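Here is the structure we will look at, set down as structure tokens.
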Amino acid sequence: MQKVRTRIAPSPTGDPHVGTAYIALFNRCFAMQHGGEFILRIEDTDQVRSTTKSEQDILSALNWLGLTWSEGPDVGGQFAPYRQSERSALYTTEILKLIDSKHAFHCFCTAGRLQSLRAKQMEEKSAVGYDGHCLKLSIDEVALKIATGEEHVIRMRIPAEGDCVFSDMLRGEIRISWQQIDMQVLIKSDGLPTYHFANVVDDHYMQISHVIRGEEWINSTPKHLLLYQYFGWQAPIYCHMPLLRNTDKSKLSKRKNPTSIGYYRDMGYLPEAVINYLGMMGWTMPDGREKFTPQEMIENFDLSRISLGGPVFDVTKLDWLNGKYIRENLDDVQFVKLFAEWAFKTERVTRIIPLIKDRVERFSDVAPLAAFFLAGLPEISASSFEHKKLTSEEIRKILQFVIWQFECLRDFSRDEIESTCNKLADALNVKIRDLLFPLFVAISGKSASTSVIDSIGILGLDITRARLRHAIATLGGISNKESKALEKEFRDFWQTAEND
RNA sequence: GUCCCCUUCGUCUAGAGGCCUAGGACACCGGGUUUUCAUCCCGGCAACGGGGGUUCGAAACCCCCAGGGGACGCCA
């Protein structure tokens, strides 16, 4: 039997997501249960959004959780490189095969044409998708257009009729009509492959035996299978996991939940507890015990025990489990060590001390001044935000805009935070000190504290966002309707700011 | 809108046709231990989405409906 090889293939386009860790956990667990290999591949074919910082953050977050891999961009391996941006030559030779066999074709349609096509299809309520316009081009026409340097993409052909039938390890037979499948772009106009193409090529050459991924991929599986068929390769076995959910059952998102692994680290969760908690999303030990290690999970793993209902990521239960780990797994010596490592990282303390030094007359003043750097969410109430000029509504708006602005920052540095606040104060036509007032309360729990801008920089985006969101919730929250209006206003503001 | 997936307590789940009067855990409520609180222990509340079949028997199997979710990008 073929050796089991699974992978996690994150895209380095944002914060390390708990959903990535969740899927990684099950892939790794399955591979190790079968004495196979678990590998990590970076899918950075989106040149615009991929960043090396994000890649580093993702690797370190997965490492923090103990989700180690035996092959990856950092450790190498026999199928290196493990970063798609370094594998371009391979995609180029592979796409040629599909063009030769007429399974792929050049498409010169403009974005404008595709847009109006889609609009027309929507209006006629017919299926939305590429209409095969460039399929009619002769070989000579194509050659000419390429020779003149006309911008183009490469798409895959899709059968006109029939169904794609495949078997999912968890869900059994799934049948999707080819008419539902669009002629997917395989190579973008920048010459780089899309996810669908690179993913199939790499999974083949990296000898991936089982693809365990989120159920959001079910509908594109036919494309992937078809590519394997076009190439004459053996396809892996697919297994689509349920998606982690927000409390309202929608797909877990940072708008509604802390999704960044960094948040859980910065809040002082133990990696063992977080990974245990993820392991009980959709899966249970045969004997029903809830506290277990990754090793115990591997020893008892049974993929068929996965339940398919989308599990709600419920922080309350994670809190209980984390407390259980702290109480039961840490003796006092270990507690001291881990707590100190978490709280007193030299680099961090070095940044905090200058902020409080001028305010300290005795060392006994330090803890009250700096406590909020070591805390989770401050204890605040709506009355904490009472202000002589700003209404509660204005304050909620400020807080929300600040969150959205912070999320756009490339580099969450003190200076960027400051200029963001200044810009926002201008745009909202309030004084900077008034704009900052709700931030002081939200971040430190008090209207007076150390520089809130420096504090935010030290706390980092994950904790900052959680506190700002908590403040909004304390003020009664923002209704859906209100949120829509704010989003529109925010976009307008952003556009005018861009034009400056 | 079209297609696909899913559906047991508020939440995570057990359940592979009779062991189900549906079990455990979190949360919540009550009680006990504790100088207080927390921990810990004990107890309580609370669910098979609806309708049809199949069967001697359905939470479990089939069909329909409803609800939820996802996909429909030169993002992954």
Side-chain angles (χ1 to χ4, degrees), chain A residues 9-14 17 19-20 42-50 84 107-111 114-115 118 121-130 151-155 163-164 166 168 170-199 213-223 240-252 276-291 304-324 326-328:
Chain A
S11 168
T13 52
H17 198 280
T20 306
I42 293 293
E43 308 226 327
D44 55 351
T45 54
D46 184 339
Q47 272 187 305
V48 180
R49 296 197 305 146
S50 296
Q84 290 184 330
C107 169
F108 302 87
C109 293
T110 60
L114 295 174
Q115 207 172 355
R118 195 166 304 142
Q121 286 167 333
M122 295 277 237
E123 199 182 319
E124 291 171 356
K125 288 185 177 154
S126 55
V128 175
Y130 187 63
E151 192 165 89
H152 64 277
V153 300
I154 298 172
R155 291 177 182 272
D163 294 341
C164 173
F166 64 96
D168 179 280
L170 289 172
R171 297 157 202 264
E173 187 180 293
I174 295 176
R175 176 182 299 266
I176 296 173
S177 162
W178 287 117
Q179 287 170 5
Q180 288 298 318
I181 312 295
D182 199 7
M183 293 180 230
Q184 179 64 47
V185 171
L186 299 178
I187 302 288
K188 299 179 275 185
S189 56
D190 64 4
L192 291 181
T194 56
Y195 163 85
H196 303 280
F197 187 63
N199 185 265
R213 59 181 8 171
E215 68 177 317
E216 55 198 327
W217 295 109
I218 291 178
N219 287 293
S220 37
T221 303
K223 291 172 196 170
H240 292 96
M241 296 284 295
L243 256 24
L244 259 25
R245 311 291 185 95
N246 296 312
T247 319
D248 65 3
K249 300 276 189 183
S250 57
K251 177 169 145 179
L252 192 66
N276 186 162
Y277 182 67
L278 289 174
M280 57 201 256
M281 299 273 88
W283 190 78
T284 46
M285 283 290 243
D287 64 2
R289 97 187 95 129
E290 299 201 282
K291 191 180 171 210
S304 67
R305 286 183 66 80
I306 291 174
S307 55
L308 295 174
V312 171
F313 191 91
D314 176 15
V315 184
T316 311
K317 189 154 186 175
L318 170 61
D319 287 343
W320 163 77
L321 189 65
N322 197 61
K324 200 171 162 67
I326 287 178
R327 271 175 259 125
E328 296 175 3

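Every chain is numbered from 1 and lettered A, B, ... according to where its sequence line falls, protein lines coming before strand lines. Bear in mind that the values here come from a model prediction, so they are computed numbers and not experimental data.
- Within the shown strands, nothing qualifies as a pairing partner of B:G73 under the Watson-Crick or G-U definition with both distances less than 3.5 Å.
- In this structure, A:Lys249 and A:Arg245 approach most closely via the heavy-atom pair O-NH1, 2.7 Å.
- Within the nucleic acid shown, A:Gly310 comes within 4.0 Å of sugar-phosphate atoms alone, with no base atom in reach, counting heavy atoms only.
- Closest to the A:Arg245 side chain, of the nucleotides B:A71, B:C74, B:G68, is B:G68.
- Looking at the side chain of A:Leu243, the nearest of the listed nucleotides B:G70, B:G68, B:C40 is B:G70.
- Note on A:Arg49: a base of the nucleic acid sits closer than 4.0 angstrom, heavy atoms only.
- Here A:Val185 lies in heavy-atom contact (under 4.0 Å) with sugar-phosphate atoms only.
- In this entry the distance linking CE of A:Met281 with C1' of B:U13 reads 9 Å, nearest Å.
- Within the nucleic acid shown, A:Gly323 has no heavy atom closer than 4.0 Å to any nucleic acid atom.
- Comparing the P positions of B:C29 and B:A16 gives a spacing of 34 Å, expressed to the nearest Å.
- Ionic pairing of A:Glu328 and A:Lys291 is present here: one or more N-O contacts between side-chain nitrogen and carboxylate oxygen are shorter than 4.0 angstrom.
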Name the pairs: protein N/O against N/O of nucleotides 29-32 of chain B, kept only if under 3.5 Å.
none

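- Taking A:Asp287 as the reference, A:Arg289 meet the side-chain hydrogen bond (donor to acceptor under 3.5 Å, both in side chains) condition, with sequence neighbours excluded.
- Rounded to whole Å, the P atom of B:C6 lies 38 Å from the corresponding atom of B:G43.
- Relative to the side chain of A:Lys249, the nucleotides B:U39, B:C12, B:A14 differ in distance, and B:C12 lies closest.
- Between A:Ile218 and A:Ser250, the one whose closest nucleotide on RNA chain B sits nearer the 5' end is A:Ile218.
- Across all strands shown, nothing is found opposite B:U35 as a Watson-Crick or G-U wobble partner with both distances under 3.5 Å.
- Residue A:Pro311 places its side chain closer to B:U13 than to any other of B:C3, B:C5, B:U13.
- The side chain of A:His196 approaches B:A76 more closely than any other nucleotide in the set B:C12, B:A76, B:C5.
- Backbone-only engagement by A:Arg118 is indicated by non-hydrogen atom pairs under 4.0 Å involving sugar-phosphate atoms exclusively.
- Closest to the A:Arg171 side chain, of the nucleotides B:A76, B:C6, B:C3, is B:C6.
- Across the C1' atoms, B:G44 and B:A60 are found 29 Å apart, a figure rounded to whole Å.
- A:Gln84 is linked by a side-chain hydrogen bond (donor to acceptor under 3.5 Å, both in side chains) to A:Glu43, A:Asp202, counting only residues two or more places apart in sequence or in another chain.
- Between A:Lys317 and A:Asp314, none of the side-chain N atoms (NZ, or NE/NH1/NH2) sits under 4.0 Å from a carboxylate O, so this pair counts as no salt bridge.
- Taking atom CD on A:Glu43 and atom P on B:G73, their separation rounds to 19 Å, with Å as the unit.
- Straight-line distance from the CZ atom of A:Phe108 to the P atom of B:C74: 16 Å, rounded to whole Å.
- Between the P atoms of B:C42 and B:G52, the separation comes to 43 Å (whole Å).
- In this structure, A:Glu290 and A:Asp44 both approach RNA chain B, and ranking their closest nucleotides by distance from the 5' end singles out A:Glu290.
- Partner assigned to B:U7 is B:A66, using Watson-Crick or G-U wobble distances below 3.5 angstrom.
- Nucleotide B:C28 holds its P atom 11 Å from the CG atom of A:Asp319, rounded to whole Å.
- The shortest non-hydrogen separation linking A:His240 to A:Gly214 is CD2-O, 3.4 Å.
- Distance, A:Trp217 CH2 to B:C72 P: 8 Å, rounded to whole Å.
- Here the separation of B:G15 from B:C56, taken at their C1' atoms, is 22 Å to the nearest Å.
- Only the C1' atoms considered, B:U11 is 23 Å distant from B:G50, to the nearest whole Å.
- Using a 4.0 Å heavy-atom distance criterion, A:Cys109 is classed as a base contact.
- Nucleotide B:G30 forms a pair with B:C42, judged by Watson-Crick or G-U wobble geometry with both contacts under 3.5 Å.
- The base of B:A25 lies close enough to the side chain of A:Lys317 for a donor and an acceptor atom to sit less than 3.5 Å apart.
- Residue contacts for A:Thr247: at a heavy-atom cut-off of 4.0 Å it reaches no nucleic acid atom on any strand shown.
- Rounding to whole angstrom units, OH of residue A:Tyr195 and P of B:A71 are separated by 13 Å.
- Taking the six-membered ring where the residue is Trp, A:His196 and A:Trp217 present perpendicular rings, their angle passing 60° and hence far from 30°.
- For A:Asp46, counting side-chain heavy atoms from C-beta on, the closest listed nucleotide (B:A76, B:C6, B:C26) is B:A76.
- Of all heavy-atom pairs spanning A:Asn199 and A:Arg213, the tightest one is OD1-NH2, 4.1 Å.
- When both distances must be under 3.5 Å, the Watson-Crick or G-U wobble mate of B:G17 does not exist.
- Residue A:Arg305 is classed as a sugar-phosphate contact, given heavy-atom separations below 4.0 Å to backbone atoms only.
- To the nearest whole angstrom, the two C1' atoms, one in B:U33 and one in B:G69, are 46 Å apart.
- Within the shown strands, nothing qualifies as a pairing partner of B:A58 under the Watson-Crick or G-U definition with both distances less than 3.5 Å.
- In the set B:U13, B:U11, B:C4, B:U11 carries the atom at the smallest distance from any side-chain atom of A:Asp314.
- The side chain of A:Ser189 lies closest to B:C74 when the candidates are B:C74, B:C4, B:A14.
- The P atoms of B:U7 and B:A46 are separated by 25 Å, rounded to the nearest whole Å.
- Between the CD atom of A:Gln184 and the OG1 atom of A:Thr194 there is a distance of 5.0 Å, given to the nearest 0.5 Å.
- Nearest heavy atom pair, residue A:Pro242 against residue A:Gly309, reads CB-O, 4.0 Å.
- Atom pair A:Phe313:CZ and B:U11:C1' shows a separation of 13 Å (rounding to whole Å applied).
- Distance A:Ile176 CD1 to B:G70 C1': 11 Å, rounded to the nearest Å.
- You'll find that the side chain of A:Thr316 is closest to B:A27, out of B:C75, B:U11, B:A27.
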